[in-house]
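Accompanying notes for the structure given below.
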Amino acid sequence: MIELRDVRKAFNQGQHNEYWALSGISLAIEAKQVTALRGPSGSGKTTLLTLIGCLARPTSGRVTLHGRDISGLPERFLTDIRRKTFGFVFQQFNLIKGLSAIENVMLPAYPTGRPHRELAARAEALLERLRLAHRRDARVEWLSGGEQQRVAIARALINDPEVLIADEPTANLDTALAKEFMAILESFGAEGRTVILTSHDPLVVESAAVNRVVDMRDGLLVAP
Amino acid sequence: MNAWFTKQRRLIDFTLASLLRRKGRNLGLLAVYALLVFVLASAMLYAHALRREAAIILEGAPEVVLQRLVAGRHDLIPPGHLERIGRVRGVQEMRGRLWGYYYDPVVKANYTFLVPPDNGIAKGTLVVGPALARERGMSENTGISFRSYSGELFSFVVADVLPQASELASADLVLINEEDFRAFFAYPAGHYTDIALSVANPAEVRNIAIKLSKQLPDSRPILREEMQRTYASLFDWREGIMLALLSASILAFAILAWEKASGLSADEKREIGILKAIGWETGDVIKMKLWEGGLISLTAFLLGFVGAYLHVFKFGAPLFAPVLKGWAVLYPRFDLVPVIDGLQVATLFFFTVFPYMAAVLVPIWRAAVTDPDAVMRS
Ligand SMILES: Nc1ncnc2c1ncn2[C@@H]1O[C@H](COP(=O)(O)OP(=O)(O)OP(=O)(O)O)[C@@H](O)[C@H]1O
Ligand SMILES: [Mg+2]
């Protein structure tokens with residue numbers, strides 16, 4: 001589904017602090033699978049996720065989605081693909097403070113112009129599924145860490161994306177909450193949703209919910 | 001089209017929610033903004049209404065008024081004076097006018113008693129200006145008495161109240177029959193207050209004035225165009241003072257608006273990053289910010305303008321009272337007739353709303369084109 005061919009990414013290219021975060025990655029990610037990226041801090045996991053999720057473009061190499069080269073597309077097209085294909089759960093959750101849980105969930109759908117009724121119903125259903133319906137009108141800064149993460153997951157799913165991307169989803173959670181997340185992850189796997197995540201956490205990468213683990217070090221893949 | 005509307009509604013919803021989240025800051029800004037519009041609009045409405053009043057007064061005024069002077073003081077026109085002038089080339093019509101001031105101790109105001117040119121007021125009746133009617137509670141067929149300067153009491157019946165086309169011109173006016181006028185003021189028969197001349201060709205007014213001065217060395221011609229110039233300079237002077245006061249406030253506002261609008265807070269920057277990462281286009285972010293700027297500036301404009309309208313036309317511009325002292329002395333009390341000039345409103349709108357919108361957009365653009373991947377590392 002997603003293919004990377006000799007993908008490299010440099011930060012501050014051409015300047016004295018030039019840094020190559022990825023130095024040649026070739027990888028095929030299959031649809032309907034849960035794929036985990038594992039590696040030490042600074043190995044380039046987050047960077048790789050931003051390339052896959054159309055948040056950034058590679059310095060060189062190709063990224064294709066369903067066979068279509070997306071590495072050179074202009075910003076507007078990338079945004080469009082990002083909105084339709086990917087849902088993100090960020091490490092810090094990145095919810096918008098001051099808004100309620102349900103408003104945060106609906107946010108990615110605003111630019112699509114979908115009817116409010118339909119949107120609200122879907123957001124409601126997602127919160128229900130994540131057992132957060134009772135907190136729908138609470139401001140997100142009043143929610144606990146686990147609740148915030150579930151709001152972030154619901155938000156990632158509002159546009160019904162093909163691929164869910166999660167960066168260190170359990171880093172801010174205690175064991176119990178992390179286990180809860182794994183349960184949610186498992187249900188996604190059972191649904192046949194494509195999930196790509198990064199993690200240090202053995203609880204995550206060694207769980208049965210993860211179909212495939214990709215190891216990274218110093219901006220390169222490590223042969224299994 | 002439907003999707004477009006839905007999308008704009010969602011953007012507005014989000015904008016409103018964002019504005020409410022920073023209530024204190026945005027309300028403060030709104031207040032200052034509305035205040036600026038209020039002051040500017042008050043000045044504009046006031047100046048415009050005054051100009052219009054002046055124009056109405058002068059429109060009906062004769063081209064030349066001839067006053068007789070005795071020892072440098074305005075004196076009555078004696079009988080036979082009109083005939084003495086004889087025919088002057090270019091003068092269409094010449095007639096003696098009768099008018100005078102009367103101080104009414106009841107409401108402590110000056111009225112202008114005037115005999116209309118056709119002397120069309122029936123004996124024993126009066127036609128009064130709207131302000132006067134209001135102050136003394138008069139309407140058609142009410143009776144009213146005035147004590148003349150000689151101490152005698154005169155009773156009249158009000159035949160009509162003048163329409164409120166121009167307060168300055170007609171507010172304190174009392175139209176009266178000639179005989180009543182002479183009796184009330186003990187005006188000697190055959191005497192007039194001054195002489196009004198109408199001139200067909202405006203280019204000749206000056207020549208005629210020179211001729212009249214030569215022919216009647218004891219008289220002083222007053223030209224309408226000179227009065228126009230006096231009024232104009234009077235208004236320009238007042239407006240000048242107001243504008244000087246205003247430029248300070250405009251400057252203060254400009255600094256404030258620029259500071260608030262162009263300096264994106266770290267929070268806002270982060271939010272824009274999140275919105276972009278979750279699928280908002282740069283254009284959506286800009287539209288949202290445009291709505292925000294638009295909502296703030298339109299609300300401020302409406303509040304300020306409506307406030308200014310009430311201030312000027314309902315409450316008589318009390319905040320400008322010090323600057324308007326000059327008028328208040330001449331006309332102890334008057335309300336301006338509400339007039340709004342579309343072009344003026346448009347100008348005000350342009351100079352208050354447009355710069356703010358521009359100030360909002362500059363930094364947004366900068367923030368919106370930054371890479372969305374920064375969100376992954378906050
Ligand atoms: N914007 C940037 N400018 C410069 N260097 C950057 C930038 N973003 C990332 N890097 C560097 O690229 C390298 C890879 O970063 P990345 O965030 O992908 O690592 P990671 O594997 O996700 O690490 P962690 O497990 O700590 O999240 C790091 O050394 C980091 O310092
Ligand atoms: Mg990382």
Side-chain angles (χ1 to χ4, degrees), chain A residues 9 11 45-51 53-57 74-100 103-119 139 141 152 155-156 158-159 161 165 167-168 198, chain B residues 1-27 264-292 365-378:
Chain A
K9 177 73 177 176
F11 290 107
K45 304 182 295 292
T46 300
T47 307
L48 190 59
L49 277 191
T50 63
L51 298 186
C54 294
L55 283 169
R57 289 189 209 94
E75 160 89 23
R76 271 193 53 208
F77 293 90
L78 284 184
T79 307
D80 201 43
I81 294 172
R82 184 158 74 235
R83 182 167 59 226
K84 288 182 180 142
T85 318
F86 299 101
F88 295 88
V89 179
F90 305 101
Q91 186 176 338
Q92 311 291 338
F93 312 141
N94 281 337
L95 300 174
I96 298 215
K97 285 194 202 100
L99 295 184
S100 69
E103 281 173 317
N104 263 284
V105 172
M106 295 194 296
L107 217 43
Y110 283 175
T112 62
R114 267 162 65 189
H116 185 75
R117 198 183 299 261
E118 175 194 321
L119 200 58
R139 284 156 151 256
E141 61 266 37
R155 182 179 69 179
I158 187 77
N159 284 335
I165 290 184
D167 193 17
E168 310 278 358
T198 69
Chain B
M1 210 49 194
N2 211 356
W4 187 87
F5 275 119
T6 315
K7 174 171 166 175
Q8 300 308 313
R9 274 200 49 198
R10 292 286 82 74
L11 289 180
I12 294 172
D13 282 354
F14 178 72
T15 305
L16 283 176
S18 303
L19 287 175
L20 286 179
R21 279 182 297 147
R22 289 180 259 275
K23 226 179 276 165
R25 206 179 68 153
N26 287 313
L27 282 181
L264 266 190
S265 69
D267 259 3
E268 271 177 298
K269 226 176 232 164
R270 186 173 154 268
E271 277 179 25
I272 290 175
I274 296 174
L275 291 175
K276 291 192 71 181
I278 62 177
W280 285 42
E281 277 172 31
T282 301
D284 297 327
V285 175
I286 289 173
K287 268 178 225 144
M288 185 264 288
K289 282 288 166 184
L290 273 179
W291 277 119
E292 180 182 319
W365 182 257
R366 219 179 329 128
V369 295
T370 52
D371 281 334
D373 67 333
V375 187
M376 291 287 252
R377 306 177 200 281
S378 54

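Sequence lines set the chain letters: A, B, ... in the order given, protein chains first and strands last, and positions in each chain run from 1.
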Bottom line for B:L275: the part with an atom under 4.5 Å from chain A's heavy atoms is side chain
Hey, could you give me the CZ/CZ distance between B:R21 and A:R139, rounded to the nearest 0.5 Å?
-> 8.5 Å
With sequence neighbours left out, what residues match A:D80 under salt bridge (charged side-chain N to carboxylate O under 4.0 Å, His left out)?
-> A:R83, A:K84
Contact summary for A:E103 and B:A17, nearest pair of heavy atoms = OE2-CB, 4.3 Å
Taking all atoms of both residues into account, what is the closest heavy-atom pair of A:P108 and B:W280, and its distance?
-> CA-NE1, 4.2 Å
Taking only residues two or more places apart in sequence, or in another chain, which ones meet B:R10 in a salt bridge (charged side-chain N to carboxylate O under 4.0 Å, His left out)?
-> B:D13
Between OG1 on residue A:T79 and CD on residue B:E281, distance to nearest 0.5 Å | 5.5 Å
Looking only at heavy atoms, which two atoms of B:I274 and A:L95 are closest? And how far apart?
-> CD1-O, 4.1 Å
Note: vs chain A, highest number of non-hydrogen pairs under 4.5 angstrom among B:Q8, B:R9, B:E271 is B:E271
Check whether any side-chain heavy atom of B:R270 sits under 4.5 Å from a side-chain heavy atom of A:N94, and report yes or no.
-> yes
Scanning both residues in full, the closest heavy-atom pair of B:G279 with A:P111 reads O-CG, 4.4 Å
Is B:I278 close to A:F90 at the side-chain level, that is, under 4.5 Å between some pair of heavy atoms?
-> yes
